[in-house]
Amino acid sequence: MAALFETGGEDAHAFVGAPFEQPAPKGERSDFGTRIAAHWPVVARELKRLYPQVGQRDDLLARLDRLVRAAHKARPAHLKARDIRLAATPDWFQRPNQIGYSLYVDRFGGTLSGLIETIPHLTALGVTYLHLLPIFLPQSGESDGGFAVADHRRVDPRLGTNADLARLARALDEAGITLCLDVVCNHTARDHAWAQAALTGDEAAQARYHIIRDERRVAEIEATLDEVFPDDAPKNFTYEPALSGWVWTTFYPYQWDLNYANPDVFVELVDVVLTLANLGAGALRLDAVAYIWKDIGTICRGRPEAHAVLAALRAIVDIVAPGTLLKAEAIETGNAAAAYFGDGHECQLAYNNALMGLIWATLAGKSAAPWRHAIEEVAATPEGSSWLLYLRCHDDIGWDVLSPFIDGTPLVRRSVIDRIADQFEGKSPAAFGKGIPFQANATHRRATNGTLAALVGLPTDEPGEEDLAILRIILLYATLFAFPGLPVIWMGDELGTTNAPLTGEGDGRAAQRPLLNAADFLDQSRLKPLSRLVLGIVRHLTSLRAACPAFHAASPIVVPGGEGLPDAVLAIRRGLDDSAVLMLGNFSPAPVTVDWRWLSAQTPHFALVDLIGGQTIGCEADLVLEPYQALWLAPPAASR
Ligand code: GLC
């Protein structure tokens, strides 16, 4: 399993301070030694928690020891140089110039090599961080958009080769773009060699999954679990006749959940992560990481042991590939996603699903007032961490994310959520959304699919509606970019791309996975006027954000309310005192007036400059915000 890095014959227990076979470049050996001294005790501590049996743990530590040393030795010189560079700027991923982009390779550049050709589009957009949805060999046939991985080390031949991947990583590096790859860590495909071996009776392979042979036991376990795809893949277990038992499959039946209580699985995770880091990935997206530890009788999500796995993994990555980011994909409600930062010792990045939902809720209700407090609450991160901010991604929006922020009975919460979803699915009077219900039969779990443009009302033939939809796009990006974190643009949203037609392949999430033609966005003259317009706007906003120190992830945030601020307006103040930037967004389609007394209480300045529109705003006069208008009010240049 660990063949890629296996060096063989080394004394595993002589790890700290062990001599290297090859002389290390000057300065490097001691750096590595320092990192081991700093982080290995964390590995040992967390693994003690996870694997209390001494013999089992010693064997595991010895295997990891070999893996870590071999990975260090195999790490290419240019990546070691990058590690040193990043160490000098530990806040690099928190800086305001960090703009992310996320895409499916086959639907964007076609192949990994084709993607290299699209770099000019990304750099012109200000992109510095590129997340590729799964690119490794998937399950044949349906594969949950590649999230059922049959081989975590082999690039899907339809997209290219491992060498193409390394070339792409180099090209991105040269363009100043960090490559983020998915590590699908909760499950393997049924096609994976382990699952196939398990099906043929290999007991060691079976022990890497959760296989239950007693139907009553399955029912007992189900009783405390949730369902991720209640319509398309109800429940959490799949009967496999060859095993005369049920395999734990949280997602689709062909995605077999791994058993992290088995140290083999942890070693494999480490090996895959270090392999990808050595191929040039600067960030690793840990898919569905909340589910990795099963604690029967609980919801089996976000268990303390899952956090111990993350802390140990982070310590190992910090030894071999310091500066490489771990990103938690834990789609949680409320503040639960913040747990994946683990006081700064787990992931550096985590999706802020709650914030995403709150921004859409504000738009749906044309009012920021009910959500201001929650929005401020979900903005906080521990030092050295950053939120991954997004409006849309390849997945649906699950509206349940809003539940913890709504006061009242479950019935009240349901009706608030229904009103919001109806707005984006075009179901209420005057609703503008062109989203599509997802899992509509599961009434307890509303979710909506659709691209950003579709959710704000595109395409439309209604007079004036297209302009309003474009204003909504500007408002949403201006809001997102004002938050602390690394904002990620979903493929095509920068072009105002509307929903893809559903072909029956995959599930309804295909609506927001459009097939883009690279030739179009590489040659702007081929773009439709609306796409050109939206692209120009997004580029303008990213370039302004990049130059604005107040938007650094570590810069303070306040979401003020109070008399004089209309309910429709979301205000976000970033930075300190006289250098702070104030974002004001009118979430309603009618003009509103901000009272001058409220405005002047926000700033010591008599006038502020709107970075977006360029005009100067006096703070001693009422301020009228046009429908859906967004402003980024900064102190006059001299005092910024
Ligand atoms: C994550 C992915 C989603 C996938 C699931 C199972 O939530 O974003 O697309 O279906 O994990 O891998």
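Just so you know, ligand 1 is whichever comes first in the structure, and atom 1 is the first atom listed for that ligand. These values consider heavy atoms only, across backbone and side chains, with no hydrogens, waters or symmetry-generated copies.
A cation-pi geometry, defined here as NZ or CZ lying under 6.0 Å from the six-membered ring centre and within 45° of its normal, does not hold between Arg446 and Trp399.
When only non-hydrogen protein atoms are considered, atom 11 (O) of ligand 1 lies nearest to Asp287 OD1, 2.9 Å. Counting only heavy atoms of the protein, atom 7 (O) of ligand 1 lies nearest to Glu329 OE2, 2.9 Å. When only non-hydrogen protein atoms are considered, atom 10 (O) of ligand 1 lies nearest to Asp144 OD2, 2.7 Å.
Annotation: ring pair (Phe, Tyr, Trp, His ring centres under 6.0 Å) contacts involving residues 129-151, sequence neighbours excluded, comprise Phe147-His394.
Within the 4.5 Å cutoff, side-chain heavy atoms of Leu132 are placed close to those of Leu181.
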Taking only distance into account, with no hydrogens and no angle test, what donor-acceptor pairs under 3.5 Å do side-chain atoms of residues 481-495 form with protein atoms, sequence neighbours excluded?
residue: Trp490; atom: NE1; partner: Gln512; partner atom: O; Å: 2.7
residue: Asp493; atom: OD1; partner: Leu452; partner atom: N; Å: 3.2
residue: Glu494; atom: OE1; partner: Tyr101; partner atom: OH; Å: 3.1
residue: Glu494; atom: OE1; partner: Gly492; partner atom: N; Å: 3.0
residue: Glu494; atom: OE2; partner: Tyr101; partner atom: OH; Å: 2.6
residue: Glu494; atom: OE2; partner: His121; partner atom: NE2; Å: 2.8

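Per-residue contacts place Arg509 under 4.0 angstrom from the following atoms of ligand 1 (heavy atoms of the residue considered): 3 (C), 4 (C), 9 (O), 10 (O). Numbered from 1 in the order shown, with element, the atoms of ligand 1 that lie under 4.0 Å from a heavy atom of His187 read 6 (C), 12 (O). Per-residue contacts place Asp395 under 4.0 angstrom from the following atoms of ligand 1 (heavy atoms of the residue considered): 2 (C), 3 (C), 7 (O), 8 (O), 9 (O).
Of the possible donor and acceptor atoms, none in the side chain of Asp343 sits under 3.5 Å from a partner among the backbone N and O of His345. Here the side chain of Asp295 pairs no donor or acceptor atom with the backbone of Arg303 at under 3.5 angstrom.
In this structure, of Tyr291, Phe229, Phe251, the residue bringing a heavy atom nearest to atom 5 (C) of ligand 1 is Phe251.
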